[in-house]
Amino acid sequence: MPPWGAALALLLAALALLGLLSALLRRPGRRAVGARTLPGAQGRDHEEEVDGAGSADQFSDRREPLPGGCRLICKPSALAQCLLRALRRSTALEPGPRCWLSGPHLQTLCHFVLPVGPGSDLAREYLQLADDGLVALDWVVGPCARGRRVTNAGGLPAVLLVIPNAWGRLTRNVLGLCLLALERGYYPVIFHRRGHHGCPLVSPRLQPFGDPSDLKEAITYIRFRHPAAPLFAVSEGSGSALLLSYLGECGSSSYMTGAACISPVLCCREWFEAGLPWPYERGFLLHQKIALSRYATALEDTVDTGKLFRSRSLREFEETLFCHTKSFPISWDTYWDHNDPLRDVDEAAVPVLCICSADDPVCGPPNHFLPTELFHSNPYFFLLLSRHGGHCGFLRQEPLPAWSHEVILEYFRALTEFFRMEERMKGLSRRRVSFLGGRRRWGTLPKREVSPSSNLEEIFSWKRSYTR
């Protein structure tokens, strides 16, 4: 760990302890000025929002909650029923003994402040982009103490693409997820943006908050290395904006089988404008300033570095870095027109599971910053809302991994089994139609009408779109 990293960790811890009381008093009433009005936030109290089922839920067993007080909010479908059954069987959601990490601030601070620690073997690759920029791919190759287990039975091991938070900090939970996935038979790879986590900034251009162009080139390269392997993706916190932007822009051409977001920031503009409780705001801001300070000379020709490093909020920092550029300045509104992660959400054609906590001190109350109408109306989006977990925490007593990691891998397994069963049923239906058609050509059977139930369009309640 570099010296500035240790200093940052100590400073974050000090800021958090000093501002804990302030954050607890300030957080419940926080609301973005000019925030969008969410249909899920009108005329409902918090318990109704957490339950999320309402009269529109068509599940026959909708009255039985998930273990651990969690709730699944989604549009009813065959895949939703399959996921609900998998979550009810999951042991990761079962409540364990209460520990000292149960508070939301402790869950969040342990995730962001504590050092990653040794034990992970990473093989780094630098990928040169079309504009000569560099991004880094860290393939997690070990250790795997308990031996690898085959996840995709009958096929190739799947690739798990992990996208860290937008600040570029590699956290304990990200590496914990990668090691658990490696044990379960995945090929985990961590995507690092330009200038993040030791990736050199070779051109004076950074990646905007929701611009997936660099991620597209990285996924193209991953597909080149593993052309036949299924591809799954997981994003953490503010890094979810990048993943959701990619899924929306690429639609059914994303090459992904499934995706998951841990504590995603969905209403990003409102989140920047409202600001965070000051310990988190100052901590994240300081981390970005330290990371970019080594490139201050290179950035002088594109941005006002003096104003950039004097920024006192995340919004001011983001606006100075990407809007008030010297070559092509744009407005704050225009910036979010091109970087809002939900701008093309209707085009997404990949199942996405979002794991959120009702006590998240960074994102805010779920009835303010979770667009619940997205999960009620879009069959590809699922929200698993827990009562506790903080921001990207969801920690349990050591040595158990975060329960969100277990749930995500079980979700990917349920997706794989669901789509395999779908393809199997589709193949059986095709062979049956072909067999009956062949017998009719020989004239051994009298002509009969095809039953409407044999129509392939009516067999499956889950349909995947292959057009944008």
Side-chain angles (χ1 to χ4, degrees), residues 27 30-41 108 112 163-169 191 193-194 196 206-215 233-250 259-277 280-281 283-285 287-288 311 313-324 330-348 352-357 360-375 378 381 383 385 391-392:
R27 193 70 183 102
R30 174 176 170 263
R31 179 69 184 267
V33 178
R36 69 182 73 173
T37 303
L38 303 177
T108 304
F112 282 103
I163 303 174
N165 55 76
W167 321 132
R169 178 170 174 78
F191 172 80
R193 311 184 194 208
R194 307 173 187 227
H196 283 188
L206 293 167
Q207 188 172 10
F209 197 77
D211 180 10
S213 56
D214 293 354
L215 182 62
V234 178
S235 59
E236 176 196 47
S238 52
S240 300
L242 191 60
L243 177 59
L244 294 176
S245 296
Y246 170 81
L247 295 177
E249 283 198 10
C250 294
C261 303
I262 303 175
S263 299
V265 180
L266 298 177
C267 302
C268 295
R269 177 174 179 172
E270 293 85 346
W271 184 73
F272 271 99
E273 292 175 350
L276 279 64
Y280 301 104
E281 181 98 14
F284 293 152
L285 183 61
H287 178 80
Q288 291 193 87
S311 301
S313 67
L314 290 175
R315 172 184 174 167
E316 185 180 356
F317 188 88
E318 189 82 6
E319 195 169 5
T320 303
L321 187 60
F322 295 109
C323 297
H324 301 163
I330 59 175
S331 65
W332 183 245
D333 294 336
T334 303
Y335 177 74
W336 286 111
D337 287 342
H338 294 90
N339 288 277
D340 189 339
L342 302 183
R343 61 190 183 278
D344 296 318
V345 70
D346 291 338
E347 302 292 339
V352 180
L353 175 66
C354 297
I355 302 180
C356 301
S357 171
D360 191 325
V362 174
C363 290
N367 57 337
H368 288 175
F369 287 92
L370 277 180
T372 52
E373 72 278 5
L374 169 66
F375 303 97
N378 193 318
F381 282 81
L383 172 61
L385 187 60
H391 183 73
C392 300

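Heavy atoms only: backbone and side chains are in, while hydrogens, waters and symmetry mates are out.
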Look up atom [atom1] in [X] and atom [atom2] in [Y], then write down how far apart they are to the nearest 0.5 Å.
X    : Y    : atom1 : atom2 : answer
L353 : C261 : CG    : SG    : 8.5 Å
E273 : E270 : CD    : CD    : 6.5 Å
F375 : L266 : CZ    : CG    : 5.5 Å
L244 : C354 : CG    : SG    : 6.0 Å
I330 : E319 : CD1   : CD    : 9.5 Å
Y246 : I163 : OH    : CD1   : 9.5 Å

If you define the side chain from C-beta out and look only at heavy atoms, does anything of [X] sit under 4.5 Å from [Y]?
X    : Y    : value
L206 : R193 : no
V362 : L276 : yes
S331 : C323 : no
L383 : C356 : yes
R343 : E249 : yes
L370 : L385 : yes
P341 : S240 : no
V352 : L243 : no

Look at the side chain of [X] and the backbone N and O of [Y], then say whether any donor-acceptor pair between them is shorter than 3.5 Å.
X    : Y    : value
Y335 : P208 : no
E318 : F322 : no
S238 : A166 : yes
T320 : F317 : no
N165 : G168 : yes
E281 : L314 : yes
T108 : H391 : yes

All side chain to side chain donor-acceptor pair (under 3.5 Å) counterparts of Q288, not counting sequence neighbours: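 Q288 satisfies side chain to side chain donor-acceptor pair (under 3.5 Å) with no residue once adjacent residues are dropped.
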
Can you list the residues that meet the side chain to side chain donor-acceptor pair (under 3.5 Å) rule with S263, with sequence neighbours excluded?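 Result, side chain to side chain donor-acceptor pair (under 3.5 Å) vs S263: none returned.
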
Look at the aromatic rings of F272 and F209 and report parallel, tilted or perpendicular, splitting at 30° and 60°.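 F272 and F209: perpendicular rings.
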
Identify the heavy atoms of I262 and C392 that sit nearest to each other, and give their distance.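 The pair with the smallest heavy-atom distance is O-SG, 3.8 Å.
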
Could you tell me which non-hydrogen atom of S245 sits nearest to which non-hydrogen atom of N339, and how far apart they are?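 For S245 versus N339, the nearest heavy atoms are OG-O, 4.4 Å.
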
Just do the side chain to side chain contact (heavy atoms under 4.5 Å, CB included) check on F369 and D360 with the steps written out, would you? CA-CA 11 Å; F369 287 92; D360 191 325; over 6 Å; no

